[in-house]
Peer 1: 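One structure is given below, represented as structure tokens, and several questions about it will come after.
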Amino acid sequence: MSIADMNPPQRAAVRYLDGPLLVLAGAGSGKTRVITQKIAYLVREGGMSARNIAAITFTNKAAREMLERVGKLLPADASRGLTVSTFHSLGLQILRQEAPRVGYKPQFSILDSADAAKIISDLLATTSKDEIRRVQSQISRWKNDLLAPESALVGAGNEFERIAARIYLNYQDTLLAYQAMDFDDLIRLPVRLFETDREALEKWQAKLRYLLIDEYQDTNTCQYLLVKLLAGVRGMFTAVGDDDQSIYAWRGANVENLAQLPRDYPRLHVIKLEQNYRSTARILRAANSVISNNPKLFEKQLWSELGLGEPLRAVQCRDDDGEAHMVAQRLLAHKFEHRTDFRDYAVLYRGNHQARLIEQVFREHKIPYAISGGQSFYDRAEIKDVLGYLRLIANPDDDPAFIRAVTTPKRGIGNTTLEKLGAYAGERHVSLFTAAREHGLQGRIQPAQLEPLQQFCDYIERMGFRAVREPAGPLIRELLTAIRYEQWLYDSEEPRPAESKWKNVQELCGWLERKGEADGKNLVELTQTIALITLLEGREGEEAPDAVRLSTLHASKGLEYPHVYLIGCEEGILPHQESIDTGMVEEERRLMYVGITRAQRTLTLSHCVKRKRAGEWVFCEPSRFIGEINGDDIRFFGKPGQPQQVTRDEGKARLANLREMLASKRKPAE
DNA sequence: GGAACTTTCAATTAC
DNA sequence: TGAAAGTTCC
């Protein structure tokens, strides 16, 4: 695929270098192609060095895919130094060099949302998950609007905001004491730096001379400002977006940023991409008819030349278990009939928990699957254990990491000792690690606890010294041996979970080792990077295994699959109850739109009559979005009078039947 | 101090 | 239904 093979607007978007450019790109209209081609064009025709170009995406997955595609267009030496990353990784890249200018040391830690929630819950002195979440998202909103704690306190309009603002103040102090940043800081701090430090701004403007921003409709105020600051008055950038696919308002994303762009850059050139290369006309029509229920920001009409295609299917299932079996059964039948690969299928859903039943049923029937999105890998205790050590080695002031590492594996230091240490550290205004090394501690902690504590600190300190000098891989393996982690796993667990946990740890080690070698990064840098990654990627260039993709709707954005099952199309799930209650149905509709437009050839929507929720049966209504699809383009299964409703037992029986047929390679008797 | 037991409560979405 | 927090016991 070269520029000559592109359609006229795509080509125009690639070649336009006269100033700021906005590309309004409908779903499947080849926007990734435009970005990758444009990078190659900038280098080949624009006389620009790859190290002066930055492409910004929203997920690591998208970044990786983009880098791979650029690699096919440009020789390795021409693409060297190219920045392709998420906003957060770009912020990290900037802060690694500029940390001292914003009050941090270069080895700062990055806290994930769970760590941040823990700090907030300690400050709030509450256990209510809901309360913690509300405060956490309020703080995040303030940060994204670049509001300092003091200003938040002054501007607080009600009791909740006053409480949240006070927590915000303490929270920031705590982060600074830990020398830790949260995700929002990774973008907020560079913006604050660039707003106040002319020299730093000019340095980075000189480095990043051309910016390409993907999924522009999902930028929040802070990200918008970062782009604006880096682009400067020259405004050399290409922003690509689709207002109909804006699904991150809850994270502060502001579709208005799309509308704001022409105001900020009067010279802005706008190009629309309206030809869809992905889906059949029926799928596209369904998507258009759903989204037409939303008000429009920009007028555009998507069309496709890929033929009418099959009607969509809406399947009613007896319950969530039946739904999982229905998907498995239909998928296997379809695969058998059409001789497709497992990788041609995706199951999409609103919430991560919905994947659980699908996983269970797929495992039962030996359907290979791969889950993308979600944070399950990092939620695992064994991964957090190891990362705790790595974070502490990189940054001894990281108290949460200290607590995790010093108590795992158990070394005779428990809550009582930690409380004493914490009290002492509080009096002295130092981190737990520093406190543990001070002589003043001797009278307050028993020698039996003091001794292992100091041994632990000595060890961490020695490793910290080596972490910036030696390759990461061998160092981590040495660490695991030293703390006898494998043995500890087997001592405290049944053999089976212990084995799988150790396997996960090995996987993490392997990833760190490969990444360290490939990018020449030391342990400190790797530890910072890993906080931003949701799933371990396989080896570079290695082919992905043939598996059905399981993904949330959010994580599926930008991806496409020949055959898609969109499960849980019910009121309360899609649209989500919270969104219905808070008048955010339009965003849910866009989410539905994103889901529909992932499909290339067939799309199956399912909903249940009832489902189990926290152990209780709940009755469900089909989603209003199913009703918004043209009747001509959709077939219903399992509605009263039609015999297609799949129950658990029927589903199981059909599956058994199918497996038999597959095994014996007979043709299905339907 | 730490393992083993009992009770409680909760499930948007993600860098 | 299942994980996380609280409680008891050695």
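All figures in this text were calculated on a predicted structure; none of them were measured in a lab. The chains referred to below are lettered A, B, ... by the order of the sequence lines, with proteins before strands, and numbering in each begins at 1.
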Peer 1: Just to confirm, is there a sub-4.0 Å distance from OP1 or OP2 of B/dG1 to any side-chain nitrogen or oxygen of A/T416?
Peer 2: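 Answer yes for this pair, as a side-chain N or O of A/T416 is under 4.0 Å from OP1 or OP2.
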Peer 1: Got a salt bridge between A/R404 and A/D115, using NZ or NE/NH1/NH2 to carboxylate O under 4.0 Å?
Peer 2: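 Between A/D115 and A/R404 there is no salt bridge, as every charged N stays at least 4.0 Å from the carboxylate O atoms.
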Peer 1: Of all residues at least two apart in sequence or in a different chain, which pass the ring pair (Phe, Tyr, Trp, His ring centres under 6.0 Å) check with A/W250?
Peer 2: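 In terms of ring pair (Phe, Tyr, Trp, His ring centres under 6.0 Å), with neighbours along the sequence ignored, A/W250 is linked to A/Y248, A/H554.
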Peer 1: Give me, pair by pair, the N or O atoms of the protein and of nucleotides 1-10 of chain C that are less than 3.5 Å apart, along with how far apart they are.
Peer 2:
none

Peer 1: If each of A/R251 and A/H353 is mapped to the nucleotide of DNA chain B with the nearest heavy atom, which maps nearer the 5' terminus, i.e. the 5' end?
Peer 2: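 Looking at DNA chain B, the more 5' nearest nucleotide goes with A/H353.
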Peer 1: Once you round it to whole Å, what is the distance between P of B/dA11 and CD1 of A/I573?
Peer 2: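 So the CD1-P distance, A/I573 to B/dA11, works out to 15 Å.
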Peer 1: Taking NZ, NE, NH1 and NH2 as the nitrogens, is one of them in A/E587 or A/R590 under 4.0 Å from a carboxylate oxygen of the other?
Peer 2: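 Yes, this pair counts.
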Peer 1: Using a 4.0 Å heavy-atom cut-off, does A/F58 contact any base of the nucleic acid, only the sugar-phosphate backbone, or nothing at all?
Peer 2: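 Result for A/F58 = sugar-phosphate.
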Peer 1: Without decimals, in angstroms, what is the distance between A/K143 NZ and B/dC15 C1'?
Peer 2: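 Checked: the NZ to C1' distance equals 13 Å.
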Peer 1: Say we look at B/dT12 and C/dA5: how far apart would their C1' atoms be, to the nearest angstrom?
Peer 2: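 The same atom, C1', in both gives a distance of 23 Å.
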Peer 1: Planes under 30° and centres closer than 5.5 Å, is that true for A/W250 with the base of B/dT13?
Peer 2: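 Ring-base stacking flag set for A/W250 and B/dT13.
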Peer 1: From the options B/dT12, B/dC15, B/dT13, select the nucleotide whose nearest atom is closest to the side chain of A/N352.
Peer 2: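 Shortest atom-to-atom distance from the side chain points to B/dT13.
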Peer 1: Test of understanding: with ring pair (Phe, Tyr, Trp, His ring centres under 6.0 Å), list the residues that count as partners of A/F402, not counting sequence neighbours.
Peer 2: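 Only A/F456 meet the ring pair (Phe, Tyr, Trp, His ring centres under 6.0 Å) criterion with A/F402.
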Peer 1: Return the value, rounded to whole Å, for the distance between atom CZ of A/R188 and atom C1' of B/dC15.
Peer 2: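 Taking CZ of A/R188 and C1' of B/dC15, I get 16 Å after rounding.
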Peer 1: Return the stacking result for B/dC15 and A/H88: yes when the ring centres lie under 5.5 Å apart and the planes under 30°, no otherwise.
Peer 2: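 No, A/H88 does not stack on the base of B/dC15, since the centre distance and plane angle fail the 5.5 Å and 30° test.
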Peer 1: Considering only atom C1', compute the distance from C/dG6 to B/dA11 and round it to an integer number of Å.
Peer 2: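 The same atom, C1', in both gives a distance of 22 Å.
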Peer 1: Each nucleotide N or O in nucleotides 2-8 of chain B that has a protein N or O under 3.5 Å away: list the pair and distance.
Peer 2:
residue, atom, partner, partner atom, Å
B/dG2, OP1, A/G412, N, 2.8
B/dG2, OP2, A/I413, O, 3.0

Peer 1: Rounded to the Å, how far apart are A/L553 CG and B/dA11 C1'?
Peer 2: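 Atom-to-atom, A/L553 to B/dA11, this comes out as 16 Å.
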Peer 1: Which residues pass the salt bridge (charged side-chain N to carboxylate O under 4.0 Å, His left out) test with A/R444, sequence neighbours left out?
Peer 2: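 With sequence neighbours excluded, A/R444 shows a salt bridge (charged side-chain N to carboxylate O under 4.0 Å, His left out) to A/E427, given in chain and number order.
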Peer 1: Could you pull out all residues at least two apart from A/E571 that satisfy salt bridge (charged side-chain N to carboxylate O under 4.0 Å, His left out)?
Peer 2: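 Scan of A/E571 (salt bridge (charged side-chain N to carboxylate O under 4.0 Å, His left out), adjacent residues dropped) gives A/R624.
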Peer 1: May I have the distance from A/N60 (atom CG) to B/dC15 (atom P), rounded to whole angstrom?
Peer 2: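 Distance check: A/N60 CG to B/dC15 P gives 7 Å.
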Peer 1: Output the rounded distance in Å from CG (A/L186) to P (B/dC15).
Peer 2: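 One finds 13 Å between P of B/dC15 and CG of A/L186, rounded.
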Peer 1: Nearest to the side chain of A/T86, heavy atoms from C-beta on, is which of B/dT12, B/dC15, B/dA14?
Peer 2: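 Out of B/dT12, B/dC15, B/dA14, the nucleotide with an atom closest to A/T86's side chain is B/dC15.
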Peer 1: If I take atom CZ in residue A/R133 and atom P in nucleotide B/dA14, what distance separates them, rounded to the nearest angstrom?
Peer 2: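 After rounding, the gap between these two atoms is 14 Å.
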Peer 1: Between A/R188 and A/D184, is the closest basic N to carboxylate O distance under 4.0 Å?
Peer 2: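 So A/D184 does not pair with A/R188 through a salt bridge.
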Peer 1: Got a sec, which residues hit salt bridge (charged side-chain N to carboxylate O under 4.0 Å, His left out) with A/E215, two or more places apart in sequence or on another chain?
Peer 2: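 A/E215 satisfies salt bridge (charged side-chain N to carboxylate O under 4.0 Å, His left out) with A/K31, A/K557 only.
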Peer 1: A/M584 has an atom CE; how far is it from atom C1' of B/dT13, in whole Å?
Peer 2: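 After rounding, the gap between these two atoms is 11 Å.
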Peer 1: Taking only residues two or more places apart in sequence or in another chain, which ones pass salt bridge (charged side-chain N to carboxylate O under 4.0 Å, His left out) with A/E628?
Peer 2: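 Here the qualifying residues are A/R589.
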Peer 1: Only counting residues at least two apart or in another chain, list the ones meeting ring pair (Phe, Tyr, Trp, His ring centres under 6.0 Å) with A/Y485.
Peer 2: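 Checked A/Y485 against ring pair (Phe, Tyr, Trp, His ring centres under 6.0 Å); matches are A/W488.
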Peer 1: Can you find an N or O donor on one side and an acceptor on the other, under 3.5 Å apart, linking the side chain of A/S113 with the base of B/dC15?
Peer 2: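 Result: at least one qualifying N/O pair found.
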